[in-house]
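To keep things clear, I will list the structure first and then write my remarks on it.
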Amino acid sequence: MYVFHELVWDGYLSGSAAVYSKMGLEELLGRADKLSVSGYAAGMLGTTPTLTVQVEQSFDQARWMPRNAQAEINALALSTTTDTNFAGQDGDPTARPGAPYARLRISLAGANAAGQLRIWVTGTDPDFE
């Protein structure tokens, strides 16, 4: 069984434009049958900020599509007074086609949403060594 645990985002995010996990990790993230996403949001600002994290996959690293119909972390309400921990996973790998590359699409919503995010991904694949 192959397992990895990788920090894929560590930075300040402001506004609603999507950002993506660190470049260069797409092949590593794509190797795993199952991805678990976890992290925390700190120092959040704005009115009713929410976080969405969606695993995207690609066969060619040019055209990306959601790995699952619903985001792994979907419009999670973030606290503006304390840190918010979060976690999600990408579901049953036998229920969807897999592609050799994967990344995370990360976005905030809410009026003037901003704050520090750290996100890790743990990947497991019983067939990969």
Side-chain angles (χ1 to χ4, degrees):
M1 176 188 290
Y2 182 72
V3 178
F4 64 84
H5 185 71
E6 189 75 35
L7 180 64
V8 298
W9 177 265
D10 184 9
Y12 191 82
L13 191 55
S14 178
S16 60
V19 297
Y20 297 91
S21 50
K22 286 193 284 188
M23 289 182 65
L25 297 176
E26 297 86 358
E27 187 174 350
L28 175 68
L29 297 177
R31 285 182 186 166
D33 277 343
K34 185 175 265 189
L35 298 176
S36 297
V37 179
S38 62
Y40 68 89
M44 293 306 301
L45 303 171
T47 305
T48 62
T50 63
L51 171 67
T52 298
V53 179
Q54 173 87 54
V55 175
E56 293 183 338
Q57 63 181 3
S58 174
F59 289 96
D60 59 8
Q61 290 189 305
R63 295 172 300 233
W64 293 90
M65 64 189 141
R67 196 170 193 179
N68 295 294
Q70 183 167 325
E72 286 67 31
I73 298 169
N74 193 21
L76 175 72
L78 301 173
S79 174
T80 56
T81 58
T82 63
D83 292 356
T84 304
N85 297 318
F86 53 84
Q89 62 159 318
D90 67 354
D92 179 7
T94 63
R96 57 175 154 67
Y101 306 104
R103 69 181 183 183
L104 298 185
R105 182 174 37 86
I106 306 157
S107 60
L108 294 176
N112 302 312
Q116 178 73 28
L117 294 172
R118 291 190 91 189
I119 303 174
W120 289 266
V121 171
T122 302
T124 57
D125 185 345
D127 300 324
F128 186 77
E129 298 179 11

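Note that the structure is predicted; figures quoted are calculated from it, not measured. Scope of the values below: all heavy atoms of this structure, side chains included, with no hydrogens, waters or symmetry mates.
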Short question: side chain of T84, backbone of S79 - any donor-acceptor pair under 3.5 Å?
-> yes

Cluster question for you: counting only ILVMFWY and a side-chain heavy-atom cut-off of under 4.5 Å, with indirect links fine, are L35 and L76 together?
-> yes

Taking the side chain as every heavy atom from C-beta outward, state whether I119 and V37 have any pair of such atoms under 4.5 Å apart.
-> yes

Smallest separation among heavy atoms of G46 and T80, with atom names | O-CG2, 3.7 Å

Does any non-hydrogen side-chain atom of L25 lie less than 4.5 Å from one of E6?
-> yes

Here the pair of heavy atoms bringing P49 nearest to A113 is CB-CB, 3.9 Å

Expected output: side-chain Q54 to main-chain N68 donor-acceptor under 3.5 Å = yes

Return the minimal non-hydrogen interatomic distance between L13 and A17, and the atom names on each side.
-> CD1-O, 4.5 Å

Would you name the heavy atoms of D83 and G43 that are closest together and state the gap between them?
-> OD1-N, 4.3 Å

Taking a hydrophobic cluster as the set of Ile, Leu, Val, Met, Phe, Trp and Tyr residues connected by side-chain heavy atoms closer than 4.5 Å, whether directly or through intermediates, do L108 and F86 fall within one such cluster?
-> yes

So, S21 side chain and L104 main chain: donor-acceptor pair closer than 3.5 Å or not?
-> yes

Which pair of non-hydrogen atoms, one from Q116 and one from D10, has the smallest distance, and what is that distance?
-> NE2-OD1, 3.1 Å

Could you tell me whether M23 atom CE has more than 12 heavy atoms of other residues or ligands within 6.0 Å of it?
-> no

Could you walk me through whether L51 and I106 pass the side-chain contact (heavy atoms from CB on, under 4.5 Å) test, one step at a time?
-> CA-CA 7 Å; L51 171 67; I106 306 157; 3.9 Å; yes

For the student: nearest non-hydrogen atoms of S16 and S107, plus distance = O-CB, 4.1 Å

Validate the cation-pi geometry between R105 and W64: distance from NZ or CZ to the six-membered ring centre under 6.0 Å, angle to the ring axis within 45°.
-> no

side-chain contact (heavy atoms from CB on, under 4.5 Å) between L45 and N112, intermediate numbers included | CA-CA 7 Å; L45 303 171; N112 302 312; over 6 Å; no

Who are the salt bridge (charged side-chain N to carboxylate O under 4.0 Å, His left out) partners of E27, not counting sequence neighbours?
-> R31

Indicate if W120 and L29 have the same hydrophobic cluster label, given that clusters are the connected sets of ILVMFWY residues with side-chain heavy-atom separations under 4.5 angstrom.
-> no

For Q89, what residues pass the side chain to side chain contact (heavy atoms under 4.5 Å, CB included) criterion, not counting sequence neighbours?
-> K34, S36

In sequence, state the C-alpha distance, the side-chain angles, and the governing distance for R103 and E26, and then conclude on salt bridge (Lys or Arg N to Asp or Glu O under 4.0 Å).
-> CA-CA 6 Å; R103 69 181 183 183; E26 297 86 358; over 6 Å; no

How would you list all residue pairs meeting side chain to side chain donor-acceptor pair (under 3.5 Å) that involve residues 39-52, not counting sequence neighbours?
-> none

Is it possible for you to say whether V121 and V19 belong to one hydrophobic cluster, with membership spreading through side-chain heavy-atom contacts below 4.5 Å?
-> yes

ILVMFWY network linking F4 to Y101, side-chain heavy atoms under 4.5 angstrom | no

